[in-house]
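Note that ligands are numbered from 1 as they come in the structure, with each ligand's atoms numbered from 1 the same way.
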Amino acid sequence: MRMFSALAVAASLACLSAASAFAATDGAGNGNPAVAMPSASAKQAFIDNLIRRMTLDEKIGQLRLISIGADMPAPKLMEEIAAGRVGGTFNSVTRADNRPLQDAAVKHSRLKIPIFFAYDIVHGHRTVFPISLGLASSWDMSVVKHAARVAAEEASADGLDATFAPMVDISRDPRWGRTSEGFGEDPYLVSQSARASVQGFQGSSPANPDSLMAFVKHFALYGAVEGGRDYNVVDMSPMRMYQDYLPPYRAGIDAGAGGVMIALNSINGTPATSNKWLLRDLLRDEWGFKGVTVSDHGAIEELMRHGVARDGREAAKLAIEAGVDMSMADVQYLKQLPDLVKSGEVPMRDIDGAVREVLGAKYDMGLFADPYRRIGAAAQDPKDVNAESRLHRDAARDAARKSIVLLENRHDTLPLAKTGKVAVIGPLADAKIDIMGSWSAAGVAGQAVTLLQGVRDALGANAQVTYARGANITDDPRVVEYLNFLDWDNPEVVQDKRTPQQMIDEAVQVARSADTLVVAVGESRGMSHEASSRTSLSLPGSQLALLQALKATGKPLVVVLMNGRPLDLNWPKANADAMLETWYTGTEGGHAIADVLFGDYNPSGKLPISFPRSIGQIPTYYNQLRIGRPFTPGKPPNYTSQYFEEDSGPLYAFGYGLSYTTFDVSKVNLSAGTLARGGKLDASVTVRNTGKREGETVVQLYLQDVAASIVRPVKELKGFRKIALKPGESRTVHFTIDEGLLKFYNAKLQYVAEPGDFNVQIGLDSQHVGQATFTLK
Ligand code: BGC
C-alpha cells in the first residue's frame, strides 16, 4: 500500500533551489545522463544553508542507514523517514519499492531531504557477472570496469543510488570465505581492479542517472583477519599495512569513490569503527578523502563486544568521534547521540561534520537536483523487473570466459570436439544458484545457465550429452544446516537422499558409456561467503571419491572447478586430463565454460591468488618478505624455511594460467643499466605465439629490490599487459620503469626509493621469469 499520495516533485523541492546548478531533469530520471557537477563552493553553500536549518534530531536522523525488512517493520520505516529520522536505506531493489520511501522523505519530512538507496552490488545486479576473484583472473581491467558499468546501469534503472562495492580487501588466507568477494592477494592487481571498478560504477559522475556511488570496503585490512576466521582481529606492522594492504583502498578513493565502508575488525587493538587514526588521520588528513563513511552492519553496537565500550552510549561516542558518519543498521546513534550532544560530551561540530558528509554524498549522487532521478515515474516502471530484455547476457558471457583459468591440459585434452558422447557430471554441473556465486544481488537463479545447459547448447544435435549428479556438495548434515541458516523455507543446499556410493555408482555407469567426462566439483556458493571460514581446503564431501571413481573408468577426465577460494587440488592436478578454474561465472556461466571447453574461446585467465599445496602451508602468497634461510628448489631443504613432509612453494602460482596455444618469451631487455632519479628506463620482452591457435596471454612485470634499508619482498608485481597474438606472431611489450615504481615505505614510513640494484623480472606467471638488473643512482 502506498502511504502517500503523489505531489509535484518540483513543489516539494522548492526549498532546495541551490541544487538547481545540476543539469535539469524531468523528475522521471530521464535527464541528461552526463551531469555537470556544480562547483565545490556551490555545494558547500547549499549544505551549510541546510545544516543551519536542521534540528539536532534531524541531523542525527541523517546519520542512520536502515536495512529494509530487517531493522523495523515497513510502516514504522515510513514513519521514521517522514519524521526525518533516516538518511538512507539498503536492500530494496525496485523502483516501485523505493518510490514510496522517497515520497515519505521529500513530500512529508519537514526539510524534504531525499534519502538514498544502496545495495550490495558486487558482481552484477540483475545480470550476474563472475565473482570479483574471477573478474581479477581476467587481468583485463576493461572487463572489471565494464562489469561494474553494466551493474550500475541495471541497478540505477531499479532506483538504486549506491553500491557497497568494490570490496578490495587483500586476501592471503583462503580459509577466509570472503576471499571470493575480493580481487585476490596482490596489492597492485587489486588496486588496478579497485580503480577500474569504481570508474565503472560511477561513470563520469556519481550524479549521472545511470551511475551508482561506489563505497569502497572494508576499510581497512579486513582480509587479514587472524586465521582467516571471519570478523577476527588484525594485528599488523605499519610497514605491511602501508605497503601491501592499504593501497587498494587508496586506489579506489583516488579513482573518486564517494563512500567508504568501515571494516568490522580491530586493527592493532582498536576496532576500525572506533579508530581515529584510521578514519581521521589516515583517511581524511593523509589521503584527503572527501566522501562519506559508513559503518558495517551493526558495527557501532559491536564496540561493546570488542570490549572497548562499556555501553551503547560509549560506543556511539567513540564511533562519532572516530569519524563514522553513518551508522548501518543503526541502534546506538539514534538512542545515544541526542543526549551525548545535550550533555556536551559530543560536540555539535562532530555531528555537523558527519551530517555534512551524508548530505554531500546525496548532493554528489544528484539527489537534491532530482530525488527521483533513478526511481523515475511510476508509469515507466518495468512491468517485469526480471524480464529477459533487461539482462546483459553478452557482456556477462564475455567477462565469464575471460575469467576462466586453464590449470591443466594433458595431451591437449582440451578443447573437446563437438561430437560423440559427453557425460556432464558433478554436484555443481546443474546448480543454478551456485554458479551465480555469493552476493549475487538481484540476480535470479532461474535465469542462470548451468554447465549442463551450456554444454547442451554448444553441442546441439551434433553430440549426445548425458548427466549424473554424482555426489552432494557435502555429506555433512551440520554443514547443510549451517548453509541453509538464512532461509529455511528456500534452502540453497538441497541434498540428494541417496547414499554417496549410490550416487557415485550411477555416475560411473553414465561415464562408462561416454567418450569424455566433464565433471563440475567445488563448493556451494554459501561456502565461499561472509561467515564461511573453512578449516580445510579439500573438496567437500564425496567429491574427491567421485573424481577417483570416474578416473578409474579410463575416460578422459575434465575437471571444472566452481569455488570461491583456492582449494587443495593435489589429486586432480596429478590425475585430471584437463582442469579449469572457473570460480563462479554468473548468469552466463554455463555458456562461457562451454565456450572454453569446445574451443570457441581460448582461455586467457591467470590466477590472482596462489594455491597452497595444503592448508598447513598457508599463507602462500608470492610476494613474501625475504628471509635468511630461504628454501631453494633443487637444493637440500634442511635448515631452510619449509615444511619437511611436503614440497614447498605453491601448487599453482600467482599469475599462472595456460592457453590452448604456447608462447615464448625472449630475455629481458633494458634500455640502460642505470636509472637516474626523475629518469625513465624501458624494460621489454618479445613474446611469440609458438602454437597453432590465436590466443591471449598476460605479460607480467615484477621487481625485486636487491638490498634495502629494511627487508623487502622476493618480488612484487608492478605492471602487466594482456596481449593477443596470432599463430607465429610476435610482439615486443614495453614497460616503463621510473623512480615511482621503486618506492616503498621504510621503517619510518617514508615513501622512498633507495639507491642500489633492482632485478627486473618479466614472464607469463610469477615463477617463470627472465631477469635483468639495473642500478638506481
Ligand atoms: C557485510 C558488508 C555488507 C553489509 C550490508 C555486512 O554484513 O560485511 O560487506 O555491505 O553487510 O549488506
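Between Trp439 and ligand 1, no pair of N/O atoms sits closer than 3.5 Å.
Shown here for Met436 and Val128, the closest heavy-atom pair between the two residues is O-CG1, 3.4 Å.
Put simply, the residue from Arg305, Glu302, Glu530 that forms a side chain to side chain contact (heavy atoms under 4.5 Å, CB included) with Tyr231 is Glu530.
Close approach to Phe164 involves these atoms of ligand 1, each under 4.0 Å from a residue heavy atom: 10 (O). Of all atoms in ligand 1, listed by their number and element, those nearer than 4.0 Å to a heavy atom of Met261 are 2 (C), 10 (O). Near Lys217, with a cut-off below 4.0 Å to any heavy atom, the atoms of ligand 1 are 2 (C), 3 (C), 9 (O), 10 (O). Residue-ligand proximity, His218 to ligand 1, at heavy-atom distances under 4.0 Å covers atoms 2 (C), 8 (O), 9 (O).
Looking only at side-chain heavy atoms (C-beta outward), Ser180 and Ser438 come within less than 4.5 Å of each other.
Using modelled atom types, one finds a donor on one side chain and an acceptor on the other under 3.5 Å when comparing Asn208 with Ser204.
Protein heavy atom closest to atom 6 (C) of ligand 1, with residue, atom name and distance, is Asp296 OD1, 2.9 Å. Nearest non-hydrogen protein atom to atom 12 (O) of ligand 1 is Asp120 OD2, 2.5 Å.
Cation-pi check for Lys402 over Trp583 is not met; the charged atom does not lie both under 6.0 angstrom from the ring centroid and within 45 degrees of its normal.
Here Glu530 has side-chain heavy atoms under 4.0 Å from ligand 1, and that is the only part of it that gets that close.
Within the structure, ligand 1 has Arg178 among the residues with a heavy atom less than 4.0 angstrom away. At least one heavy atom of Phe90 lies less than 4.0 angstrom from ligand 1.
Aromatic rings from Trp139 and Phe654 are positioned such that their centres are separated by under 6.0 Å.
Atom CG of Asp325 is separated from atom CD1 of Ile262 by 7.0 Å, given to the nearest 0.5 angstrom.
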